[in-house]
*Asks:* 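I have a structure here, written as structure tokens, and I will follow up with some questions on it.
Per chain, numbering begins at 1; letters A, B, ... match sequence-line order.
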Protein chains: 2
Amino acid sequence: MKIEHEEIRKMFYDKCADKRLKITPQRSLIFDELSKATDHPTADAIYKRVRKTLSNISFDTVYRTLLSFTEIGIVNLVEGTGEQKRFEPNLHQHHHFRCIKCHTIYDFENDAYNDIAVPKAVQKQGVIINKRVVLEGICSKCKGK
Amino acid sequence: MKIEHEEIRKMFYDKCADKRLKITPQRSLIFDELSKATDHPTADAIYKRVRKTLSNISFDTVYRTLLSFTEIGIVNLVEGTGEQKRFEPNLHQHHHFRCIKCHTIYDFENDAYNDIAVPKAVQKQGVIINKRVVLEGICSKCKGK
DNA sequence: TTGACAAATAGGAATGATTACTATATAGTA
DNA sequence: TACTATATAGTAATCATTCCTATTTGTCAA
């Protein structure tokens with residue numbers, strides 16, 4: 001556990017250095033906070049969490065930082081249908097089951113999905129960077145509403 | 001072609017009657033306009049199109065109507081990463097290739113993707129209504145920017 | 001280690017999408 | 001045809017996101 005945390009931190013430093021992003025206390029904190037998160041938080045949720053440590057951090061900084069992290073690939077934007085942006089750490093490939101009632105997103109891993117073949121027709125249309133399966137439905141909690 | 005159009009229209013009437021949605025000129029027009037669309041338009045884009053026919057239709061009506069259609073299943077909300085909501089007619093199952101640069105969404109059909117198996121673990125978490133594969137990457141247009 | 005400078009930040013204001021409100025009009029039904 | 005629940009237009013309010021500016025701070029080269 002400890003070791004993995006160190007690895008993640010090293011990846012963060014390396015990637016930032018690589019992409020010429022300065023390591024600031026704000027960025028370190030935001031990265032740590034999102035790395036811990038398992039709930040696909042919104043920018044506002046992260047803002048509330050980091051304010052406990054850096055009480056005068058601005059929302060804009062949190063928001064911009066999350067978008068920067070997304071651009072350099074250490075954070076993912078979760079696909080959704082137009083609500084607030086939601087973020088997640090980009091630590092290992094996984095897929096989503098999304099409840100259409102409560103909008104909760106459940107992560108799951110699946111090797112078959114990771115290895116899904118890209119159709120030839122699509123290969124011609126561009127370069128594929130990411131493959132994600134989205135299962136939509138109604139979760140158990142909402143089913144028994 | 002003519003026949004398919006009639007079928008789509010019948011489906012629209014049946015589904016609205018079924019869900020107790022009144023058939024209004026506004027709704028018919030919005031449905032027709034989206035059915036023709038192949039570009040995953042935003043509510044605003046649909047608003048601009050229907051205004052050519054109903055010049056004083058309100059944006060709110062268009063927006064609410066699209067959301068109603070989504071709820072009764074004759075329209076899909078396109079999964080994205082937090083930009084404006086985008087809509088598409090729900091006429092046949094398909095999948096998406098999304099360019100992370102220009103945000104264009106390319107539709108494609110693929111039987112293998114339609115038939116993808118739902119993991120047991122997910123089956124326990126809820127009822128799956130929809131399966132969608134999202135391929136992300138950079139499209140040819142953006143590649144040669 | 002220090003100084004210079006591009007990059008990043010806080011705070012707040014502006015923008016743009018979405019939702020809410022209300023008086024009026026209308027589709028569906030008896 | 002007349003009634004009634006819905007739907008609509010027009011507008012206002014809300015909320016997420018982005019922009020702006022003066023100030024601060026990492027980073028890098030000397």
*Asks:* Test A:Arg98 against A:Glu83 for salt bridge (Lys or Arg N to Asp or Glu O under 4.0 Å), laying out the working first.
*Replies:* CA-CA 13 Å; A:Arg98 186 174 66 220; A:Glu83 306 83 24; over 6 Å; no
*Asks:* So how far off straight is the helix from C:dT1-D:dA30 to C:dA30-D:dT1, going by the axes through five pairs at either end, to 10°?
*Replies:*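 About 50°, once rounded to a multiple of 10°.
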*Asks:* Residues two or more places apart in sequence or in another chain: which of them pass side-chain hydrogen bond (donor to acceptor under 3.5 Å, both in side chains) with B:Asn110?
*Replies:*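 Residues passing side-chain hydrogen bond (donor to acceptor under 3.5 Å, both in side chains) with B:Asn110: none at all.
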*Asks:* Does anyone know the first and last nucleotide of DNA chain C in reach of chain B, 5' to 3', at under 4.0 angstrom to a heavy atom?
*Replies:*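 First-to-last contact on DNA chain C, by the 4.0 Å heavy-atom rule, is C:dA17 to C:dG28.
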*Asks:* Mind checking salt bridge (charged side-chain N to carboxylate O under 4.0 Å, His left out) for B:Lys19 and listing every partner two or more places apart, or none if nothing turns up?
*Replies:*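 Here no residue qualifies.
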*Asks:* Mind checking what makes side-chain hydrogen bond (donor to acceptor under 3.5 Å, both in side chains) contact with A:Gln84, not counting sequence neighbours?
*Replies:*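 Scan of A:Gln84 (side-chain hydrogen bond (donor to acceptor under 3.5 Å, both in side chains), adjacent residues dropped) gives none.
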*Asks:* Using a 4.0 Å cut-off on heavy atoms, which residues in residues 50-65 of chain B reach DNA chain C? List them by number, or say none.
*Replies:*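 Residues of residues 50-65 of chain B under 4.0 Å from DNA chain C: B:Phe59, B:Asp60, B:Tyr63.
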*Asks:* Between atom CD in A:Gln84 and atom C1' in D:dC15, what is the gap in whole Å?
*Replies:*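 One finds 8 Å between C1' of D:dC15 and CD of A:Gln84, rounded.
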*Asks:* Tell me, which of residues 27-37 of chain A have any heavy atom that sits under 4.0 Å from an atom in DNA chain D?
*Replies:*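 Listed by number, there are none.
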*Asks:* Go through the structure and list residues passing side-chain contact (heavy atoms from CB on, under 4.5 Å) with A:Asp39, not counting sequence neighbours.
*Replies:*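 side-chain contact (heavy atoms from CB on, under 4.5 Å) list for A:Asp39, sorted by chain: A:Ala37, A:Pro41, A:Arg49.
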*Asks:* Tell me every residue that passes side-chain hydrogen bond (donor to acceptor under 3.5 Å, both in side chains) with B:Thr70, counting only those two or more places apart in sequence or in another chain.
*Replies:*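 If we apply the side-chain hydrogen bond (donor to acceptor under 3.5 Å, both in side chains) test to B:Thr70, skipping adjacent residues, there are no hits.
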*Asks:* Indicate for each nucleotide in nucleotides 21-30 of chain D, in 5' to 3' sequence, whether protein heavy atoms under 4.0 Å reach the base (B), only the sugar-phosphate (S), or nothing (-).
*Replies:* -----BS---
*Asks:* Is it true that a side-chain atom of B:Asn130 and a backbone atom of A:Glu136 form a donor plus acceptor pair closer than 3.5 Å?
*Replies:*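 No, because the side chain of B:Asn130 does not come within donor-acceptor range (under 3.5 Å) of the backbone of A:Glu136.
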*Asks:* Atom NZ in B:Lys15, atom CG in B:Leu21: separation rounded to 0.5 Å?
*Replies:*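 B:Lys15 NZ to B:Leu21 CG: 11.0 Å, rounded to 0.5 Å.
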*Asks:* Are any of the side-chain nitrogens in A:Lys36 or A:Asp32 under 4.0 Å away from the carboxylate oxygens of its partner?
*Replies:*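 A salt bridge is absent here (no side-chain N lies under 4.0 Å from a carboxylate O).
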*Asks:* Using modelled atom types and a 3.5 Å cut-off, is there a donor and acceptor pairing between side-chain atoms of B:Arg132 and backbone atoms of B:His94?
*Replies:*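 Here the side-chain-to-backbone pair exists.
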*Asks:* Mind checking side-chain hydrogen bond (donor to acceptor under 3.5 Å, both in side chains) for B:Arg27 and listing every partner two or more places apart, or none if nothing turns up?
*Replies:*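 side-chain hydrogen bond (donor to acceptor under 3.5 Å, both in side chains) list for B:Arg27, sorted by chain: empty.
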*Asks:* Considering only Ile, Leu, Val, Met, Phe, Trp and Tyr, and joining two whenever side-chain heavy atoms are under 4.5 Å apart, list the other residues clustered with B:Val118.
*Replies:*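 Once heavy-atom contacts under 4.5 Å are chained together, B:Val118 belongs with A:Phe97, A:Tyr106, A:Phe108, A:Tyr113, A:Ile116, A:Val118, A:Val122, A:Ile128, A:Val133, A:Leu135, B:Phe97, B:Tyr106, B:Phe108, B:Tyr113, B:Ile116, B:Val122, B:Ile128, B:Val133, B:Leu135.
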*Asks:* Is it true that the side chains of A:His96 and A:Asp107 contain a donor and an acceptor less than 3.5 Å apart?
*Replies:*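 A:His96 vs A:Asp107: donor-acceptor pair found between side chains.
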*Asks:* Is the gap between the ring centers of B:Tyr63 and B:Tyr47 under 6.0 Å?
*Replies:*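 No: the rings miss the under 6.0 Å criterion.
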*Asks:* Do B:Thr61 and B:Thr65 have side-chain heavy atoms sitting under 4.5 Å apart?
*Replies:*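 A side-chain contact exists here, since the closest heavy-atom pair is under 4.5 Å.
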